[in-house]
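As structure tokens, the structure follows; a few thoughts come after it.
Throughout, protein chains are lettered first and strands after them, A, B, ... in sequence-line order, and every chain is numbered starting at 1.
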Number of protein chains: 2
Amino acid sequence: MTLTPLQQEFILHFGEMGSRWGINRTVGQIYALLFISSDPMNAETITTALSISRSNTSMGLKELQSWNLVRLRHIPGDRRDYFTTPDDMWEIVRTLIAERKKREIDPTLTKLRELELQGPAGDDYAEARIAELREMIEMMTGFYADMERLETERLVKLMTLGSRISGLIDKTAGMFPALTKRK
Amino acid sequence: MTLTPLQQEFILHFGEMGSRWGINRTVGQIYALLFISSDPMNAETITTALSISRSNTSMGLKELQSWNLVRLRHIPGDRRDYFTTPDDMWEIVRTLIAERKKREIDPTLTKLRELELQGPAGDDYAEARIAELREMIEMMTGFYADMERLETERLVKLMTLGSRISGLIDKTAGMFPALTKRK
DNA sequence: CAGTCATTTCAGTAATTTCTGAAATGTAAG
DNA sequence: CTTACATTTCAGAAATTACTGAAATGACTG
């Protein structure tokens with residue numbers, strides 16, 4: 001397994017970015033390798049391609065599976081596990097956002113609700129800030145949930161609307177009067 | 001400086017989440033403390049409130065300043081630096097997204113463009129994947145740039161529109177025929 | 001069911017990150 | 001210019017995270 005210079009550079013970059021993305025270097029590299037490889041790969045191939053230990057590969061793949069970022073494949077007559085990333089880029093992005101939300105936002109939303117349930121703590125400012133933060137997160141996760149339900153086709157349309165979105169939003173003021181009342 | 005149980009729990013949670021958010025525990029705690037405190041705080045107060053070292057506070061505040069997440073304030077007759085978080089939650093969210101984009105996405109976008117400029121590397125699949133990834137990132141950052149330009153009022157409207165946006169998007173097909181042609 | 005191959009687990013080590021205390025630097029006031 | 005803080009820097013210690021090799025487990029095959 002030899003990598004082209006292009007693959008090398010791409011993989012090394014993902015490794016370096018890993019820490020910023022909340023994964024470690026090897027996990028980033030494994031993902032990058034699978035992402036730019038047309039065919040599924042087994043653990044042994046990954047191990048030699050990246051010059052890491054077999055056990056490291058195993059743990060990295062486990063991590064990627066926990067993120068739902070890789071697909072397990074099998075080849076007839078070969079009992080090794082093969083891995084790929086989805087072909088569809090939108091599927092990848094959706095998974096990534098969903099998983100990050102699950103790890104980075106949901107626990108905090110839960111905690112904030114918990115704190116509010118504990119009732120007045122005699123600290124009006126803190127309580128108000130916590131409520132405000134919770135409301136903000138709820139609004140954003142609510143919007144995300146709506147977007148998640150849209151088919152890719154419509155999502156693309158929305159994203160490419162650009163500045164025309166502005167006028168569109170205003171038009172809705174008349175269509176849904178209930179929306180115009182803001183606290 | 002004594003913290004209420006509510007403050008304590010909130011701060012500890014932010015500390016624990018810190019690593020998932022790409023900051024360390026004390027940076028998370030300092031931010032949390034400032035966020036739920038009505039008045040600006042100086043480094044010494046933060047240090048004792050969180051039971052950390054003065055130097056750690058200094059470094060943490062530097063980090064938060066590099067993220068643009070805190071504001072420096074001064075009190076007449078007091079030459080110490082005081083820190084707060086913005087009152088406006090939307091400002092906080094905008095900053096957070098902008099900074100994460102800068103750290104987590106922009107470097108990769110740059111690298112991908114760089115790789116494409118290096119010309120054909122004789123690996124069609126990898127090249128196609130890299131181009132596809134770049135296009136996806138460009139579409140999303142482009143959309144983000146558009147959203148960033150919207151005033152908060154309109155952004156709130158859009159976010160609360162939610163799935164009702166769907167029908168609206170379809171209507172635009174007639175309004176802007178150019179948009180309907182997708183590759 | 002014995003042998004072979006694939007994967008996982010795990011204890012120890014290596015590498016990295018975070019934190020501290022002390023010293024250095026900066027800064028305003030007298 | 002000196003004193004009195006305030007803040008930053010930085011080398012080493014502490015804590016955490018990542019990685020490896022060896023052993024254990026699992027799973028198919030003949």
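Between B/Ser58 and the phosphate of D/dT8, there is a side-chain N or O to OP1/OP2 separation shorter than 4.0 Å. Regarding contacts with the backbone of D/dT7, a side-chain N or O of B/Arg54 is found under 4.0 angstrom from either OP1 or OP2.
Taking only distance into account, the side chain of A/Ser55 meets the base of D/dG21 through a donor-acceptor pair shorter than 3.5 Å.
What separates CG of B/Leu61 from C1' of D/dA6 is a distance of 13 Å, to the nearest Å. At whole-Å resolution of the value, CD1 in B/Ile75 and C1' in D/dC5 are 16 Å apart. The nearest whole Å value for the distance from the CG atom in A/Asp78 to the P atom in C/dA6 is 7 Å. Per the geometry, CG belonging to A/Leu72 stands 15 Å off P belonging to C/dA6, to the nearest Å. For A/Met59 and D/dA22, the CE to C1' distance is 13 Å, given to the nearest whole Å. Atom P of nucleotide C/dT17 and atom CD1 of B/Ile52 are separated by 20 Å, given to the nearest angstrom. For the pair B/Gln29 CD and C/dT18 C1', the interatomic distance rounds to 12 Å; values are reported in whole Å. Across the protein-nucleic acid pair, A/Ile30 atom CD1 and D/dC19 atom P stand 9 Å apart, rounded to whole Å.
A 4.5 Å side-chain heavy-atom check between B/Glu44 and B/Thr57 finds every atom pair outside the cut-off. The shortest distance between side-chain heavy atoms of B/Tyr125 and A/Asp39 does not fall below 4.5 Å.
Counting any heavy atom pair closer than 4.0 Å across all strands shown, B/Arg25 reaches sugar-phosphate atoms only and no base atom. Here B/Arg79 lies in heavy-atom contact (under 4.0 Å) with a base. Counting non-hydrogen atoms under 4.0 angstrom, B/Asn42 reaches nothing in the nucleic acid. B/Asn24 comes within 4.0 angstrom of sugar-phosphate atoms only, judged by non-hydrogen atoms across all strands, and of no base. Counting non-hydrogen atoms under 4.0 angstrom, B/Thr26 reaches the backbone sugars and phosphates but no base.
To the nearest 0.5 Å, the span separating CE on B/Met159 from CG on B/Leu161 amounts to 11.0 Å.
Nearest nucleotide to the B/Lys62 side chain, out of D/dA6, C/dC19, D/dT8: D/dT8.
Heavy-atom distances to DNA chain C give each of A/Glu44 and A/Ser19 a nearest nucleotide, and the one nearer the 5′ end belongs to A/Glu44.
Ring pair A/Phe14/A/Phe35 is parallel by interplanar angle, where below 30° counts as parallel and above 60° as perpendicular.
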Checklist line | Working for side-chain hydrogen bond (donor to acceptor under 3.5 Å, both in side chains), residues B/Thr85 and A/Arg129 | finding: CA-CA 11 Å; B/Thr85 59; A/Arg129 283 291 258 184; 2.8 Å; yes
